[in-house]
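Chain letters run A, B, ... following the sequence lines, proteins first and then strands; every chain starts at 1. The structure presented is a predicted model; accordingly, all values stated were derived computationally and were not measured.
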Protein chains: 2
Amino acid sequence: MDTGDGLRIDFPHRELLDQILDKWSLSVLDELCERPCRFNELRRSVPQVTQKSLTATLRRLERNGVIDREVVSTRPVAVRYRITPLGKTLRAPVEVLLAWAAENTPAISRARDAFDAREDASGS
Amino acid sequence: MDTGDGLRIDFPHRELLDQILDKWSLSVLDELCERPCRFNELRRSVPQVTQKSLTATLRRLERNGVIDREVVSTRPVAVRYRITPLGKTLRAPVEVLLAWAAENTPAISRARDAFDAREDASGS
DNA sequence: CTGTATCCTCTACGATACTG
DNA sequence: CAGTATCGTAGAGGATACAG
């Protein structure tokens, strides 16, 4: 299946998940759930993101309707990003997933350690 | 932050989500939630995945403790993949996320159409 | 301040061939 | 049957410079 975005889809909603759970989106959404932010405020909140990637992330989230972009035509211009009602509904499912991750991090760490130990043993 | 996997982490559990929600993992986990599968059964269940990618996906999931790999030393060998108890606990959170996606697909489609229409208008 | 525009690197992934 | 090995490509994303 081809979505026209050049993506092959095998699983229902895979493309959508890619757009809203991508590298920087959760950080941005997390911040915008707290308060509306301007572009450079977001940069400071997520120090590792580059300008280019932040712009791309914001455009993608805006296109999917989870955030909203308002240009204030002052001089120099100000841009205010906000979470939308649709965006707010995304918070709960994401929290559920993050809660799972937090809760199971110890078990996962043990699994990784065990796996890596097996690898080392068979590799030597 | 560097995890030793060469990944920069900005958001809690980002690396873990990348390993478990990646391109093919949900398809594989979905299948293994139904029944244990052998390697080629999985290939048939997920026809678009290549042998190489399926192997990589299975190793990653195994390392994180959500699936289990059992080698049956017959001739030729058989390999049985199964979901683990930990893997089963992942199902509910993922279902919540997919339910959100299913429920909001119409709203997201409308948002995309509106965004694209705006783009076209300003671009011309 | 809020972006574009280039360039460049690095990794994910597919295609294909081969192996125990 | 269940992989590994090798090669090639496309795209994500960083660094940097420039612009309205």
message = I'd like to know if the side chain of N64(B) and the backbone of R60(B) have a donor-acceptor N/O pair within less than 3.5 Å.
response = yes
inquiry  = Once you apply a heavy-atom cut-off of 4.0 Å, does R69(A) come out as touching a base, just sugar-phosphate, or nothing?
reply    = sugar-phosphate
Exercise answer: donor-acceptor pairs, residues 65-77 of chain A side-chain atoms, under 3.5 Å, sequence neighbours excluded:
{"from": "D68(A)", "atom 1": "OD1", "to": "R82(A)", "atom 2": "NH2", "distance (Å)": "3.1"}
{"from": "R69(A)", "atom 1": "NE", "to": "Y81(A)", "atom 2": "OH", "distance (Å)": "3.3"}
{"from": "T74(A)", "atom 1": "OG1", "to": "P76(A)", "atom 2": "O", "distance (Å)": "2.9"}

note = Here the distance between atom C1' of dG13(D) and atom CH2 of W24(A), to the nearest Å, is 9 Å
task = Considering just the side-chain nitrogens and oxygens of K23(A), establish if one lies under 4.0 Å of OP1 or OP2 belonging to dA12(C).
result = no
ask   = Hey, what do you get for CG (L32(A)) to CG (L61(A)), rounding to the nearest 0.5 Å?
value = 8.5 Å
key: N/O (side chain, T74(A)) to phosphate O (OP1/OP2, dC1(C)) under 4.0 Å   = no
ask   = Whole-Å distance between dG3(D) P and R80(B) CZ?
value = 13 Å
request  = Would you mind reading off the distance between R14(A) atom CZ and dC13(C) atom C1', rounded to a whole angstrom?
outcome  = 14 Å
ask   = Hey, does the side chain of R60(A) come within less than 4.0 Å of dA12(D)'s phosphate (OP1/OP2), counting only N and O?
value = no
query = Could you give all pairs that pass the salt bridge (Lys or Arg N to Asp or Glu O under 4.0 Å) test and reach residues 38-51 of chain B, with sequence neighbours left out?
reply = R35(B)-E41(B)
query = Please walk me through it: do L21(A) and V94(A) pass side-chain contact (heavy atoms from CB on, under 4.5 Å)?
reply = CA-CA 9 Å; L21(A) 298 181; V94(A) 169; 4.3 Å; yes
query = So how far is it from K88(A) NZ to C33(A) SG, rounded to the nearest 0.5 Å?
reply = 8.0 Å
task = Compare the minimum distances between each of dT4(D), dA17(D), dG14(C) and the side chain of Q51(A), then state the nucleotide with the smallest one.
result = dA17(D)
message = Side chain of P76(A) only, heavy atoms from C-beta on: which candidate in dG3(D), dT4(C), dC1(C) is closest?
response = dC1(C)
remark   = Looking only at dT2(C), dG14(C), dC1(D), the nucleotide nearest the V77(B) side chain is dC1(D)
Atom pairs, protein N/O to nucleotides 5-10 of chain D N/O, distance under 3.5 Å:
none

task = Using five pairs at either end of the helix from dC1(C)-dG20(D) to dG20(C)-dC1(D), determine the angle between the two local helix axes and round it to 10 degrees.
result = 50°
Can you give me every donor-acceptor pair (side chain of residues 95-108 of chain B, partner residue at least two apart or in another chain, under 3.5 Å) with its distance?
{"from": "W100(B)", "atom 1": "NE1", "to": "T89(A)", "atom 2": "O", "distance (Å)": "3.3"}
{"from": "W100(B)", "atom 1": "NE1", "to": "T89(A)", "atom 2": "OG1", "distance (Å)": "2.9"}
{"from": "N104(B)", "atom 1": "ND2", "to": "W100(B)", "atom 2": "O", "distance (Å)": "2.8"}
{"from": "T105(B)", "atom 1": "OG1", "to": "A101(B)", "atom 2": "O", "distance (Å)": "2.6"}

ask   = Just how far is it from atom CZ of R59(B) to atom CZ of F115(A), taken to the nearest 0.5 Å?
value = 6.5 Å
query = Of the nucleotides dT2(C), dG13(D), dT4(C), which one has an atom closest to the side chain of S53(A)?
reply = dG13(D)
request  = Nearest-nucleotide wise, let me know which of A78(B) and D22(A) is further upstream toward the 5' end of DNA chain D.
outcome  = A78(B)
note = Residues P93(A) and L90(A): closest non-hydrogen pair is CD-O, 3.2 Å
ask   = Hey, is R14(A) close enough to D18(A) for a salt bridge, meaning N to O under 4.0 Å?
value = yes
remark   = What residues 37-44 of chain A contributes to the DNA chain C interface at heavy-atom separation below 4.0 Å is R38(A), F39(A), N40(A)
query = Can you check the Q48(A) CD to dG13(D) P distance for me, whole Å?
reply = 14 Å
key: Separation of N40(B) CG from L54(B) CG (nearest 0.5 Å)   = 9.0 Å
task = Flag the pair E34(B) and R91(B) as a salt bridge only when some basic side-chain nitrogen lies within less than 4.0 angstrom of an acidic carboxylate oxygen.
result = yes
Short side-chain N/O contact to dC1(D) OP1/OP2 from Y81(B), under 4.0 Å = no
